[in-house]
Amino acid sequence: MPDASPPVETVVEVDTRAPGTAISPDLFGAFFEDLNYAADGGLYAELVQNRSFEYGPADRPEWHSLTAWELLERDGAAGSLTVSTDDPLHPANPHHAVLTSTTNKGAGLRNEGFDGIPVRAGEAYDVSLFARLAEGTAGRLVARIESRDGERVHGQTELGPLDGSWRHRTAVITSEVTDPDARLTLTATGPGTVHLDLVSLFPQNTFKGRRNGLRADLAQAIADLKPKFLRFPGGCLAHGQGLGNMYRWSETVGPLHERRQQFNIWHYHQSMGLGYYEYFQFCEDIGAKPVPVVPAGVCCQNSDVTGQVGIPDEEMDAYVAEVLALVQWANGPADSPWGALRAAAGHPEPFGLAYLGVGNEDAITDTFRDRFSRIHDALREHHPEITVIGTLGPATVGEDWEKGWAFARERNVPVVDEHSYKSPRWLLENSRRFDRMDREGPHLYIGEYGSWRNDGRGALAEALYMIAMERNGDVVRMASYAPLLAKRDHTQWLPDLIYFDNTNVWTTLNYHVQQMHSLNSGDTALPVTVTGAPQAPAVQVSDRHDIRIGTGSDTRAEFTDVLFGAVGDELVPAPDFHNWDTQAGTWGIDGATAAGSGAGPLLTDAVRGTSYAFCVRARKTDGAEGFVLCFTGTTSDRRYQWRLGGWDNRATWLQRVDDGVPDDLGERVLEGVESGRWYDLRVEVDGLRVRCFRDGELLHDVEDVRPDPEVFAVSAVRDSAAGHVIVKIANTTPDPVTVRLRLIGAEGATGYDRTTLTVSPDAASRYGPAPAVPVHDRLTGPVCAVPGHSFTVLRTRTRHSMPVSSETSDRGRAW
């Protein structure tokens, strides 16, 4: 028999002689927001929860000033523990604890920490507090680290002496044992009343040994990403829940007891211990450029209290001055008014601020335009060296996105911030969108993006999307995955890059993708030609369609009178609900009526044909949201859901569902669902067109035309400093690919250092070690076996890997 045909090779040709295109040196960075307990109880190393007794119902309805604290009356001690605002330590910190001991054996108080207080044997902890003696003879306090049951003391010290004035007292406790669930206690040494504030237990082993610093292992995981920049403090946290909740940078620097604490938009508390100084210091420690984001003079349009509101006209001059002061605080000399505050904190040298974000996901209203313009123009006048980053609203399409681009061009904003939380398929379908960007317009900062999953499918889609960014690094200036951190049992947003608890740090598959890209950055994109690359399978037309009816979260509803048929024909009654699948959700069936909650009755193969329509009458009987209608399109990969009264009953919109992940199609209609009212709902699917009617009114009319997904992507960059050429290959198909590398003009190449991340699409990573990690080896020849479902980085030294002059760059600008 004749020999089998050799496998077909995919040829990747890189012209290393070409000047190429200059890539932003700040392309891949990181994004920090105090979400999922990322700061207090997370990156900020403080071990005492509610150390200043400032918790309250604004944080959470059940919280109060003594949350996380309890009174100790041991061994015959008796007393009381209350909170007072009389003669506070500082107006910014109005509450303090009042500990009264009525016996010679002093009473005390105990703090539970954030899910316990983790301590390690042999490690030292700084204990500190402000205290004053109001009356009596309790002149000192005994501080102990003890076991949860109080039976064992791990270490102790004394603090004092106390007198009638607020005094700061410090000491050190060295723990004798390792205990992940310890407690801190403070006990009076005799009868009397003691006032306490800013009670702190801080590990001396912080990242880089910084006082008031960061948790060492968690900070190291961020540092190991080698981010080119770090964005802070958000995100939605920046512009806050109403004007009073805006994150004001000037209130987060200076002595800890003078920093204004406030509720967190994500429903917990911000102590501001991790403030602007600590953030800038961390950026310097890890070699990342700081990218602070200040509110654009408006609060979040999604505020439950006010919606978007602008800072009053008469207060805008002061606010603009506050933004300008940030630049002086970061960059001014140590003898300038704000530079002196930085110097007093221990950093006389300027931090070197280059970027400043103004606004976050803001609706592009007249109020926003006015406030942003005032800030932007003042920065341009007084600090032209600062690159201002504007905003494009909350999505990658729609009215705010289009208005945001137009406004940025009108105001000549150099960089705009786009956010894209999408399905893996969307990332593959939109990998070429940057090719069409205006090279003379504003640059793009993809400030928040992610694939909505911590699985292999999502990680590989992100790897491919980042290749697309890199290929267009002349206009995609910056990108940062979000969110960065999430604490176990306090996770409010999924997915995230790094998960942790008090003693563990778990990096994800997505983390490894980010790290592989960041560690292998280049300064110049080289021309790449790929021949014989795998293609996405052809989409098949389907003539069988499923229908599911249901409700949003915590909602009950009734459905009846389901009709279906071909578009244009008279619709006929659907089968009785007894013939539908009702295993999901909680549903009761009464002939032609279904009543219940959750994912509702499903009718498989409900309609046949290349186009169809269905109708249903629906009434909400109780709950926070509205209805969800799910249905398939006329091709094998089309699945949709129509959400009426979603997002806490604030909006109605149509979504496409890929890999179980929904993406919005078109604008949201800002209308909910009324309880007790019957709605007539109709859906029409005709080819790629989907139309949704409510009570005869057309709410959505979408032509779901999609680009073909890019399933195999390649980029090549020059690292001029190292003299290397780096080739990156993302293969999201299940099939291994034999790649022949041709580096034109790279006669000096003798092989490649190879890093490969191979993952199962369904492998998940979250609270535990990632199911796969990058593997490093050496490739000696030009033929590379690229596994299915993999991301590969190849690095080689060539004689021609020299810096490229900006004058010879064939596209874009020099950086």
Side-chain angles (χ1 to χ4, degrees), residues 34 37 39-41 44-60 63-70 81-100 109-114 126-134 141 143 159-160 162-171 184 186 193-202 211-213 233 237 240-265 268-279 322 329 341 344-346:
D34 190 1
Y37 275 63
D40 294 334
Y44 184 50
E46 174 63 76
L47 296 173
V48 173
Q49 184 178 188
N50 190 20
R51 66 184 181 183
S52 297
F53 309 97
E54 297 297 333
Y55 278 21
D59 301 308
R60 288 187 182 172
W63 280 6
H64 50 81
S65 295
L66 288 175
T67 292
W69 294 95
E70 62 176 315
L81 179 63
T82 60
V83 172
S84 174
T85 57
D86 294 335
D87 190 18
L89 175 63
H90 191 274
N93 181 30
H95 296 86
H96 58 268
V98 178
L99 174 64
T100 298
L109 70 168
R110 186 168 88 149
N111 189 267
E112 66 186 37
F114 297 90
D126 293 324
V127 59
S128 64
L129 48 78
F130 284 88
R132 69 183 174 197
L133 181 62
L141 294 168
L159 297 129
L162 308 182
D163 58 30
S165 299
W166 283 113
R167 308 287 185 190
H168 191 225
R169 298 294 183 235
T170 63
L184 174 70
L186 293 170
T193 297
V194 177
H195 296 174
L196 301 167
D197 208 348
L198 199 69
V199 179
S200 173
L201 184 69
F202 224 93
R211 293 186 65 85
N212 195 54
L237 189 83
Q241 187 84 285
L243 293 178
N245 190 233
M246 283 181 171
Y247 195 102
R248 308 295 284 264
W249 79 268
S250 60
E251 297 174 340
T252 75
V253 295
L256 294 177
H257 67 283
E258 296 180 7
R259 300 184 186 184
R260 182 178 71 94
Q261 303 183 38
Q262 64 178 357
F263 73 87
N264 185 302
I265 194 173
Y268 52 102
H269 189 82
Q270 300 173 81
S271 74
M272 300 304 180
L274 172 49
Y276 260 60
Y277 180 81
E278 292 75 23
Y279 156 64
E322 180 182 321
W329 177 85
L341 184 64

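Treat the numbers as computed from the prediction; the structure is a model and nothing was measured.
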Please find the pair of heavy atoms, one from [X] and one from [Y], that lie closest to each other, and give the distance.
X: Tyr44; Y: Gly213; result: CD1-O, 3.7 Å
X: Asn50; Y: Trp69; result: O-NE1, 2.9 Å
X: Asp163; Y: Ser165; result: OD1-N, 3.0 Å
X: Pro91; Y: Pro94; result: O-CD, 3.7 Å
X: Arg51; Y: Ser200; result: NH1-OG, 4.3 Å

Would you confirm whether [X], through its side chain, and [Y], through its main-chain N or O, come within 3.5 Å as a donor-acceptor pair?
X: Glu46; Y: Leu201; value: yes
X: Asn264; Y: Asp59; value: no
X: Asp40; Y: Ser271; value: yes

Kindly write out the residues that satisfy ring pair (Phe, Tyr, Trp, His ring centres under 6.0 Å) with [X], not counting sequence neighbours, or none if the list is empty.
X: His96; answer: Trp166, His195
X: Phe114; answer: none
X: Tyr37; answer: Tyr268, His490
X: Phe130; answer: His168, His257

Quick one: list whatever passes side-chain hydrogen bond (donor to acceptor under 3.5 Å, both in side chains) with Gln49, sequence neighbours left out. Tyr55
Non-neighbouring partners of His64 that pass side chain to side chain contact (heavy atoms under 4.5 Å, CB included), sequence neighbours left out: Leu66, Thr67
Sequence neighbours excluded, which residues qualify as side chain to side chain contact (heavy atoms under 4.5 Å, CB included) partners of Ala171? Val127, Thr157, Leu159
Pair up each side-chain donor or acceptor in residues 246-254 with any protein partner under 3.5 Å, not counting sequence neighbours, and list the distances.
unit_1: Arg248; atom_1: NE; unit_2: Glu322; atom_2: OE1; d: 3.3
unit_1: Arg248; atom_1: NE; unit_2: Glu322; atom_2: OE2; d: 3.0
unit_1: Arg248; atom_1: NH2; unit_2: Glu322; atom_2: OE1; d: 2.9
unit_1: Trp249; atom_1: NE1; unit_2: Glu322; atom_2: O; d: 2.8
unit_1: Glu251; atom_1: OE1; unit_2: Arg260; atom_2: NE; d: 2.6
unit_1: Glu251; atom_1: OE1; unit_2: Arg260; atom_2: NH2; d: 3.0
unit_1: Glu251; atom_1: OE2; unit_2: Arg260; atom_2: NE; d: 3.3
unit_1: Thr252; atom_1: OG1; unit_2: Trp249; atom_2: O; d: 2.8
unit_1: Thr252; atom_1: OG1; unit_2: Tyr276; atom_2: N; d: 3.1

Listed partners of [X] passing salt bridge (Lys or Arg N to Asp or Glu O under 4.0 Å), at least two apart:
X: Arg60; value: none
X: Glu278; value: Arg259
X: Asp86; value: none
X: Glu258; value: none

When rounded to the nearest 0.5 angstrom, what is the spacing between [atom1] in [X] and [atom2] in [Y]?
X: Asp126; Y: Arg211; atom1: CG; atom2: CZ; value: 5.0 Å
X: Phe53; Y: Asp197; atom1: CZ; atom2: CG; value: 6.5 Å
X: Glu54; Y: Leu198; atom1: CD; atom2: CG; value: 10.0 Å
X: Asn245; Y: Ile265; atom1: CG; atom2: CD1; value: 6.0 Å
X: His95; Y: Ser84; atom1: NE2; atom2: OG; value: 9.0 Å

When you compare the side chain of [Y] with that of [X], does any pair of heavy atoms fall below 4.5 Å?
X: Val199; Y: Leu109; answer: no
X: Asn212; Y: Leu256; answer: yes
X: Leu274; Y: Asp34; answer: no
X: Val194; Y: Leu186; answer: no

Under 3.5 Å, is there a donor on one side chain and an acceptor on the other for Ser52 and Gln261? yes
Test Arg169 against Leu141 for side chain to side chain contact (heavy atoms under 4.5 Å, CB included), laying out the working first. CA-CA 10 Å; Arg169 298 294 183 235; Leu141 294 168; over 6 Å; no
